[in-house]
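Chain identifiers are assigned alphabetically (A, B, ...) following the order of the sequence lines, protein sequences preceding nucleic acid strands; residue numbering begins at 1 within each chain.
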Amino acid sequence: MSWLDDLEKKLHDADVQVVNDAKSPSGKPHVGALRGVLIHDAVYKFLKDKGIKVKNIYGSDDYDPMDELPGGETAEKYDKYLGAPLSNVPAPKGSEHKDLAMHYISDFFKIFDEIGAEAEFYYMRDYYKSGFFNEAIDTLLSRAAEVREIYKRVSNSDRPNDWFPAQVVCEKCGKLGTTQIIDWDGKEATYVCRDDMVTWAKGCGHKGKMSPFNGNGKLPYKVEWAAKWKYLNITIEGAGTDHNTRGGSRDVADAVSRKIFNYNPPVNIPYGFFLLGGAKMSSSKGIGATARDMTNFLPAEILRYLMLNTQPKRAINFEPSQMFITKLFNDYDKLHNKFIQGTELVDYEKQIYTLSNVFSDEKYEVVDFSLIVTLIQLPHININEKVEERLNRKLTNAEKKNLERRVNAAKYWLKNLASEEERIQLQEKMPLEANELSQTQIAFLRIFAEHIKNIKPTEDNFQTAVFDASRLTPINPKLAFEAIYRVMLNKQQGPKAGSLIAYIDKDFIQKRFNEPAFNEIEFWKESSLTENEYNLWLKENSEKIIEKTEKNYTIDNVSVKEISVSMNDNKIYVKRVM
RNA sequence: GGGCGCGUAGCUCAGGGGUAGAGCAUCUGCCUUUUAAGCAGAGGGUCGGUGGUUCGAGCCCACCCGCGCUCACCA
């Protein structure tokens, strides 16, 4: 992966590389937030692996003001908190946490473990309340003019002379996002709580004077970013494309970092969004997948592979379609199989595989995802047994665990994401598309139905019967299977036909398979050989033939010949000549 | 309007100076059980456009066209 190799060349000269990322806990984090988590985790693991001293920290920006209503919550209940620090907003009813910030971030932090991301968590409220950022606040307020100049120069944003780069929590209404510091005497800040400060919250109009230290005040996002870099010694931090635009927050933070704090900004890794079906997923609107949804769906190594195999700058276009999901699993499996078979992996393959497969070095066999999807849709099937049957051996514990995770993924996909067409569904009525079956296929269905009347109804017997009936028709087995899937599922392909038939009512099969309109003379025209072709076939197979019986018919005044041929392998072939 | 990304085979995409690639789809041949993906082979692309740099350009540069995301309040 060139982006990691490139990164190594850009590293700061520091004793310890500090990788940082953060999330404002204003709602259920959407899946895109995982991209940042995994990119930073990959950087951390990559550098550690190179023997470079590195630590990975992840912050909850829980002193940020609440700038939108939490999903699913009513305005009347939360309106009054808009603009207050998230750590001061009560959690929704029924939550095990006291405040809104912890309510949202704690589950997100649990995800780290589940996807194999390692980070030390920190909470901005602690840093503010403990006075950790007092010095930064003091510096910024004292040098407000320079900060205003940076805003103007970098992002063409006019900040009036009575604007200072910090905000305090209003003593009267508890809001932070609405206050403007209008004067600073080196110890105390004079502020106004304005109703026109921001569009998303209204202040109470209070005017006061207080110390901005020890949690009374907070830095606005862009300058806070720079202060974090400086005071947490951050050397690497990526951010989404929304921050990485000219004049955007990253540019402002860069300038503040250099000019005010005299600190070289961390190495940047701009990364693109995570798009669902071409559209951006939005957590605030409750549309699309949350990080939790995605973690519940995909096994960790697949999710990691998805996030890390795409160049950071490029958007990830996630589609919940069967094709996309299957390809995702198969792409990963290709690497995995190379690995367990001992095939030499090229550097980038090795890198992405190691970064994806973080939980186990064991050489376990993976089971094809599409096979699992098929199997779990058939009733009464024990997947473990099926897979063991296929492998012809018992599954190891690692394999069982992996299989279980994939079964869960398949179930999740079927339940939440699969379209109707992608689900296997037994057709209650003969599908219209069955009209497109050839007469040979229709004949096959009738022959098959007749053939299975007297066999023992096991999966294997039915499966064998498909091939037996194919020879008796005769028809290319592929077309035979297509006919079966068409009349049962209205699809061209499906799960193993023998299994499918074994679990379906016999009368239904008889009725359905005999239902399509059969035209015997057309069937003969389609399927019969010329005398020459037949003789050629006889010649080629003469050694194997044990017995043959010919029957002559007249159909629509045409005389035809049906030859039943027994071979030395007990198989019976039917040939038609007209 | 600015920034970033994308445009390569019918479809999904990889490749970032040295003879245009993969998977799926299509076609051909083979197969007595691959059945969502059996084996072998084939066809299929003026790499969005126009210029430029170079012995040589999908690749680098400039401009243009189309699509997507994003920013200009806040985070």
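Because its glycosidic torsion is more than 90° from 0, B/G68 is reported here as anti. B/G16 shows a glycosidic angle within 90° of 0 and is accordingly assigned syn.
Comparing the same atom, C1', in B/G7 and in B/U46 gives a spacing of 16 Å after rounding to whole Å. Between B/G16 and B/G58, the distance separating the two P atoms is 13 Å to the nearest Å. B/A9 and B/C63 have their P atoms separated by 26 Å, with the value rounded to a whole Å. Rounded to whole Å, the P atom of B/G18 lies 11 Å from the corresponding atom of B/A57. B/G68 and B/G15 are spaced 23 Å apart, taking the P atom of each and rounding to whole Å. When the C1' atom is used for both B/G10 and B/C30, the distance is 26 Å, rounded to whole Å. Rounded to whole Å, the P atom of B/C47 lies 9 Å from the corresponding atom of B/C59. Spacing of P atoms, B/C64 relative to B/G1, comes out at 11 Å, to the nearest Å.
In this structure, the nucleotide among B/C73, B/G2, B/U33 sitting nearest to the side chain of A/Thr245 is B/G2. Candidate nucleotides B/G3, B/C4, B/A75 were compared by shortest atom distance to the side chain of A/Asp64, and B/A75 ranks first. Taking the side chain of A/Phe467 as heavy atoms from C-beta on, and the options B/U33, B/C71, B/C69, the nearest nucleotide is B/U33. Listed candidates were B/C71, B/C73, B/C69. Nearest to the side chain of A/Arg159 is B/C73. Here the nucleotide nearest the side chain of A/Asp67, chosen from B/C73, B/U33, B/C74, is B/C74. Here the side chain of A/Lys313 is nearest to one of B/A75, B/G5, B/C69, namely B/G5.
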Tabulate protein N/O versus nucleotide N/O from nucleotides 13-17 of chain B, keeping only pairs under 3.5 Å, one per line.
residue: B/A14; atom: OP1; partner: A/Arg314; partner atom: NH1; Å: 3.0
residue: B/A14; atom: OP1; partner: A/Arg314; partner atom: NH2; Å: 3.0
residue: B/A14; atom: OP2; partner: A/Arg314; partner atom: NH1; Å: 3.2
residue: B/A14; atom: OP2; partner: A/Arg314; partner atom: NH2; Å: 2.8

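Screening A/Asp251, A/Asp254, A/Val256 for a side chain to side chain contact (heavy atoms under 4.5 Å, CB included) involving A/Pro265 leaves a single residue, A/Asp254.
Taking the centre and axis of the six-membered ring of A/Tyr573, the NZ or CZ atom of A/Arg471 falls inside the cone set by 45° and 6.0 Å. For the pair A/Arg159 and A/Phe164, the cation-pi criterion (under 6.0 Å, within 45° of the ring axis) is not fulfilled.
Ion pairing between a basic and an acidic side chain is recognised when a charged N comes within 4.0 Å of a carboxylate O; A/Lys23 and A/Asp61 show no such pairing. Ion pairing of A/Asp158 with A/Arg148 is absent here, as no side-chain N (NZ or NE/NH1/NH2) approaches a carboxylate O to less than 4.0 Å.
Positionally, the nearest nucleotide of RNA chain B for A/Asn244 lies more toward the 5' end than for the other of A/Asn244 and A/Gly248. Between A/Ala315 and A/Thr199, the residue anchored closer to the 5' end of RNA chain B is A/Ala315, taking for each the nucleotide with the nearest heavy atom.
Rounded to an integer number of Å, the gap from CZ of A/Arg246 to P of B/C4 is 7 Å. At whole-Å resolution of the value, NZ in A/Lys175 and C1' in B/C74 are 15 Å apart. Regarding A/Asp242, its CG atom lies at a distance of 9 Å from the P atom of B/A72, rounded to whole Å.
At a cut-off of 3.5 angstrom, counting only N and O atoms as typed in the model, there is a donor on one side and an acceptor on the other between the side-chain of A/Thr464 and the base of B/U33.
Below 30°, between 30° and 60°, or above 60°: for A/Phe109 and A/Phe121 the angle between ring planes is below 30°, a parallel geometry. The aromatic rings of A/Trp225 and A/Trp229 sit tilted, their planes meeting at an angle between 30° and 60°. Between A/Phe133 and A/Tyr231, the two ring planes are perpendicular [angle over 60°; tilted spans 30° to 60°]. Using cut-offs of 30° and 60° on the angle between ring planes, the pair A/Tyr332 and A/Tyr305 is perpendicular.
Within the nucleic acid shown, A/Tyr573 comes within 4.0 Å of at least one base atom, counting heavy atoms only. Note on A/Arg250: nothing from the nucleic acid sits closer than 4.0 angstrom, heavy atoms only. When heavy atoms are screened at a 4.0 angstrom cut-off, A/Ser249 is found touching base atoms of the nucleic acid. Across all strands shown, A/Ser155 has no heavy atoms under 4.0 Å from either base or sugar-phosphate atoms.
With sequence neighbours excluded, the residues that form a ring-ring contact (aromatic ring centres under 6.0 Å, His included) with A/Phe369 are A/Phe329.
Helical stems of RNA chain B (runs of at least 3 Watson-Crick or G-U pairs, donor-acceptor distances under 3.5 Å) are listed by first residue: B:1-7 with B:65-71, B:10-13 with B:21-24, B:26-30 with B:38-42, B:48-52 with B:60-64.
A/Asp99 and A/Ser87 share no donor-acceptor pair across their side chains, judged by distance under 3.5 Å alone.
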